[in-house]
Every structure is written in C-alpha cells, then in structure tokens.
Amino acid sequence: LAKTTQPISMDSYEGQEVNITCSHNNIATNDYITWYQQFPSQGPRFIIQGYKTKVTNEVASLFIPADRKSSTLSLPRVSLSDTAVYYCLGVSTGFQKLVFGTGTRLLVSP
Amino acid sequence: DTGVSQDPRHKITKRGQNVTFRCDPISEHNRLYWYRQTLGQGPEFLTYFQNEAQLEKSRLLSDRFSAERPKGSFSTLEIQRTEQGDSAMYLCASSRPGSTSGANVLTFGAGSRLTVL
C-alpha cells in the first residue's frame, strides 16, 4: 500500500476553490488514488478515485500527473459544509484493507 | 439501500465491563471491515471478513477483542474487560465482492462511540 503525505490542515473561505495535494512517491503500478471525506462523528465517505490524468464527478476533481507521484484533489467553490478531514490513500486493485493517515483538516470560513 | 448501520451509536461503560457492537452492512456487500478511530487520528484497521470468514486481524486486536460474522450477514465486535484505552469510535464498513474498474470502495457506517470510565 502506497504511503501518502498530505498537509495537516488548510483554511479557506466560502466560494473559493480548494486544492489539496497528496504525495505518494512509492505508488505501485496497480494502485489507485482514492480520497475519502470525514465529518465529525461520522464515518469516512468515498469522494473520488483515479489512476491517471483527470477524473471529475459531482463533488470534486482529481488530477494525477503522468509520473503518478502526486495527486491533487480540487473542490470547486467550497461552502461551510465542506469543512471536514480529507484522506488520500493509495489503494491496490487487490487490496484487503485501507490504511489511513491523519488526513488534511479543511476549515472553510464565511 | 439503507447504508451501513451500527448499533449502539454511543456506549458508556465502566472499566472491566464487556461491550458488544453490532454492524449491519449493505445487503449485497460480502466484505465487512472493523476500524477504530481515536481523536485526531485516521481510522485504524482492526479486522476484515469476506462472507463469514475472518481473513485478517490486526495486531491491534488483542485477545480481549473478538469479532464474528455468522452467516455472512451482520457482524458483532465484542470487547471484554474494557480498559480506558479502549475509548474510541468503532467504525464498520462494507464493500462489494469486486470491482470491474478501479480499486474497491468502502462504505462506512456512522460508528459506535465507546467511552470507558
């Protein structure tokens, strides 16, 4: 399982775009970059997953460069309700468990 | 699809007592996971079932902890002789048998918060 490194915390304001970068220098060939979001007193929730280039869904975009040593989660026009912890994980297609780090605490202010 | 359900949501107990948590996964998911999360930390893996078979256990899961998944449906996590260090959020998650594209995705429940006095 790829070891990932991401900022401990980030601050933003409502309406801004937030980009959270994750480093995963030793990512394996069959690892997918997967992001989860967690609100206080709730379990993590899957946001987005990608292997390379760009993936977009209704919640976020995920940018993965060609060397796959890093990735960026982009949240467009954040609102107060986007305040949460965001976890970046490298997950292999044959995985048996997820290994979480401490994540990035995003605080969105008015 | 009602999601992953966990019960109870909150449990306060005295040190030395036994506690049991229940998890009802999404019905078509054959994989079930237990995680533990303490304040300020990410979830830590405890154990994993595929159907009724417990396939992996973390070293975090001491002999006071036992998990079962009879008939491959709901699961229980029991903690015997609780200690104050057991205070945490216990999260259950489930996932589908496999994915035709990408890596598997877990659906988590809201968790059961344990406080040991």
Side-chain angles (χ1 to χ4, degrees), chain A residues 1-9 22 24 27-53 55 57 59-60 62 64 68 71 84-107, chain B residues 3-6 8-10 21 23 25-26 29-50 53-61 88-115:
Chain A
L1 297 169
K3 175 177 169 57
T4 61
T5 303
Q6 51 185 125
I8 294 174
S9 63
C22 178
H24 29 82
I27 189 169
T29 303
N30 60 348
D31 279 358
Y32 281 74
I33 302 304
T34 308
W35 286 80
Y36 284 79
Q37 173 192 55
Q38 186 175 26
F39 298 114
S41 299
Q42 294 187 28
R45 180 178 75 110
F46 170 80
I47 301 177
I48 197 167
Q49 180 182 95
Y51 185 79
K52 60 182 178 181
T53 64
V55 179
N57 61 21
V59 176
L62 179 60
I64 305 172
R68 302 196 341 116
S71 59
V85 178
Y86 293 82
Y87 296 98
C88 167
L89 300 92
V91 185
S92 72
T93 52
F95 93 103
Q96 302 298 327
K97 64 190 181 190
L98 300 180
V99 177
F100 289 85
T102 53
T104 297
R105 297 183 175 278
L106 173 65
L107 175 62
Chain B
V4 177
S5 299
Q6 294 190 244
R9 292 293 314 277
H10 302 275
F21 301 115
C23 172
I26 293 172
H29 287 184
N30 73 333
R31 295 175 178 175
L32 187 147
Y33 310 78
W34 285 99
Y35 282 79
R36 179 173 68 185
Q37 186 173 27
T38 54
L39 195 63
Q41 301 298 313
E44 295 175 296
F45 171 79
L46 292 179
T47 190
Y48 152 68
F49 290 86
Q50 182 159 306
Q54 189 174 18
L55 298 185
E56 186 172 352
K57 291 170 57 174
S58 165
R59 279 172 285 183
L60 293 173
L61 214 63
M89 175 77 86
Y90 290 85
L91 294 163
C92 176
S94 67
S95 68
R96 297 178 181 277
S99 176
T100 56
S101 63
N104 215 349
V105 170
L106 270 60
T107 301
F108 283 83
S112 293
R113 181 169 296 283
L114 173 66
T115 301

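In what follows, every chain begins at residue 1, and chains take the letters A, B, ... in the order their sequences are listed.
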(message) If you compare all heavy atoms of Arg105(A) against all heavy atoms of Gly40(B), which two are closest, and at what distance to 0.1 Å?
(response) NH2-CA, 3.2 Å
(request) Identify the heavy atoms of Gly42(B) and Tyr87(A) that sit nearest to each other, and give their distance. (result) CA-OH, 3.5 Å
(request) Check whether any side-chain heavy atom of Pro44(A) lies under 4.5 Å from a side-chain heavy atom of Leu91(B), and answer yes or no. (result) yes
(message) Quick check: closest heavy atoms across Leu98(A) and Phe45(B), and the distance to 0.1 Å?
(response) O-CB, 4.3 Å
(request) Give, as side chain, backbone, both or neither, the part of Gln37(B) having an atom under 4.5 angstrom from any heavy atom of chain A. (result) side chain
(request) Please look at Tyr36(A) and chain B and tell me whether the side chain, the backbone, both or neither of the residue comes under 4.5 angstrom of a heavy atom of that chain. (result) side chain
(message) If you compare all heavy atoms of Ser41(A) against all heavy atoms of Arg113(B), which two are closest, and at what distance to 0.1 Å?
(response) OG-NH2, 4.3 Å
